[in-house]
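Note sheet for the following structure.
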Amino acid sequence: MANVAVIGAQWGDEGKGKVVDWLASRAEIVVRFQGGHNAGHTLVVGDQTYKLSLLPSGVVRGKLGIIGNGVVLDPEALLSEIDRVTAQGLKVGPENLRIAENVPLILPLHPALDKAREAARGQDKIGTTGRGIGPAYEDKVGRRSIRLCDLAEPETLSAKLDELLLHHNALFRGLRAPEFAKAELLDALLALAPRLLPFAEPVWERLDEARRTGKRVLFEGAQAVMLDVDHGTYPYVTSSNTVAGNAAAGAGIGPDAIGFVLGIAKAYATRVGSGPFPSELFDETGRLLGERGREFGTVTGRPRRCGWFDACMVRQAVKVGGVQGLVLTKLDVLDGLPELKICTGYRIHGEVVKRLPAALRAQAAAEPIFETMAGWSGSTRGARSYAELPAEAVKYVRRIEELVEAPIVLLSTSPERDDTIMMRDPFAG
Ligand code: IMP
């Protein structure tokens, strides 16, 4: 049995939560390998609705959850999430949650810097979640992060805070924002240490053991390929690598252990925050997709921008993300539309191109080239086999499969976990 990695193939919010939950029930370990509490999804289990941002989904299903070193961890956010799900009757402790001891922490100065920078950018803002993700990753590569293991060494922590504040308070002064005092940060971290340290361990050892004993591991990606810091629509991206290749580095395991890579894409497209979105709709159809798809951010509540499925972009995400099979979600949102469009390429300054360019002006100038397809009058909602789908819906799915150059292995036809058409079992490799 192979392991599976799940990544978003568009700009996030593709409905990964349902797919991850469905797969988590069949895995033994679920690992988060990048991002932080900028991610968010809702899991409905029985009569409880769980809103998760940092906890790997498997924890809800009684599996071992691992937060890998590739994540940026806000201790306060984690502990309040644990308190929230505990109040809902779930048990979260070191027996079912392990955190990489070398994970970098998000401190209160990170969201403060994130927000101050966004405010300073004015019209050109990225539209971040304001959770401090970018500044925390900057500190990681700048080699000044406070990491979870530092909480066990008060002297190291104190010296590292001096270095960190030297850097950050200079920035805050420049941004005319309030500076941070070391004593407060130090006290707060030392107060959190007894609750956090029992979760810390070298998770690479546990993953190595899982590999030797043939345990099934699910790598749970957050955000999506077009928000990848290298391969996305830079600078309108998040600050981590969201491609499947990062599951190895972000967890501490070799690339051959990642297993089958599943990309998740919605049957149309959405984006939150700023940045290029060539197939975006500004008309009644766009509004309708947003309303029917309940397209509001889980973390920030912002309305999402909506548009037609961009096969050219998803094809690119398939290639750079390492996607071997695609899951198409929310097909039912398209039910009843008289006609559908799929973006197959772009016209940029009069030239036809089949990829989203990297340069900003070229990206902004990309005009979508659409192929029009007939819609369907019947319903796809809740379908559990291809035979239950209207013929035009099957044609739409098949055309997408052809254009993105990846097989569609799962089709999700409603938010219910079992309303899924499986063409191929991802765990079978
Ligand atoms: P950051 O990750 O908060 O730095 O935000 C950078 C960009 O990524 C912004 O456009 C956010 O809207 C977007 N983003 C971050 N996390 C998510 C997510 O989970 N879903 C969708 N977009 C996200």
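Order of listing sets the numbers, starting from 1, for every ligand and every atom in it.
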- request: With heavy atoms of W11 as the reference, note each atom of ligand 1 found under 4.0 Å away.
  value: 21 (C), 22 (N)

query: Quick one: nearest non-hydrogen protein atom to atom 22 (N) of ligand 1, plus distance?
result: V272 CG2, 3.4 Å

task: Check whether any N or O atom of S274, backbone or side chain, sits under 3.5 Å from an N or O atom of ligand 1, and answer yes or no.
output: no

- request: May I ask you to list the atoms of ligand 1 that are less than 4.0 angstrom from any heavy atom of A39?
  value: 19 (O)

query: Between F180 and F172, how do the two ring planes meet: parallel, tilted or perpendicular, split at 30° and 60°?
result: tilted

query: Checking side chain to side chain donor-acceptor pair (under 3.5 Å) against K18, which of S414, S412, S57 comes through?
result: S412

query: Between the candidates L227, T128, T242, I133, which shows the shortest non-hydrogen contact distance to atom 13 (C) of ligand 1?
result: L227

message: Using a 3.5 Å cut-off on N or O atoms only, is D114 in polar contact with ligand 1?
response: no

- prompt: Is there a heavy atom in R131 that sits closer than 4.0 Å to ligand 1?
  reply: no

- prompt: Is it the side chain (CB and beyond), the backbone, both or neither of Y236 that lies under 4.0 Å from ligand 1, heavy atoms counted?
  reply: neither

- prompt: Who passes side-chain hydrogen bond (donor to acceptor under 3.5 Å, both in side chains) against D114, sequence neighbours left out?
  reply: T128

message: Does K125, at its NZ atom, have more than 12 non-hydrogen atoms belonging to other residues, nucleotides or ligands within less than 6.0 Å?
response: no

task: Examine the proximity of ligand 1 to R302 and report which part, side chain or backbone, both or neither, has a heavy atom under 4.0 Å away.
output: side chain

field: Exceeds 12 heavy-atom contacts within 6.0 angstrom, atom CZ of R355
entry: no

task: Looking only at protein heavy atoms, identify the closest one to atom 2 (O) of ligand 1 and say how far it is in Å.
output: T238 OG1, 2.6 Å

query: If you draw a 6.0 Å radius around CZ in R287, do more than 12 non-hydrogen atoms from other residues or ligands fall strictly inside?
result: yes

- prompt: Out of N38, I126, T129, whose heavy atom sits nearest atom 3 (O) of ligand 1?
  reply: T129

message: As a quick check of understanding, evaluate side-chain hydrogen bond (donor to acceptor under 3.5 Å, both in side chains) for Y236 and D124, giving each step before the final call.
response: CA-CA 10 Å; Y236 302 100; D124 296 326; 5.1 Å; no

- prompt: Does R26 make a cation-pi contact with F427 (under 6.0 Å, within 45 degrees of the axis)?
  reply: no

message: Show every side-chain hydrogen bond (donor to acceptor under 3.5 Å, both in side chains) that has at least one partner inside residues 253-280, sequence neighbours left out.
response: R211-D256, T233-R271, K266-T270, K266-E295, Y268-E295, E280-R305

field: For G273, atoms of ligand 1 separated by under 4.0 Å from a heavy atom
entry: 10 (O)

message: With heavy-atom distances below 4.0 Å as the criterion, list the atoms of ligand 1 near D13.
response: 20 (N), 21 (C)

- request: Check each atom of ligand 1 against the heavy atoms of G127 and keep those under 4.0 Å away; list them by number with element.
  value: 9 (C), 10 (O), 11 (C), 12 (O)

statement: Under 4.0 Å from one or more heavy atoms of V237, ligand 1 contributes atoms 6 (C), 7 (C)

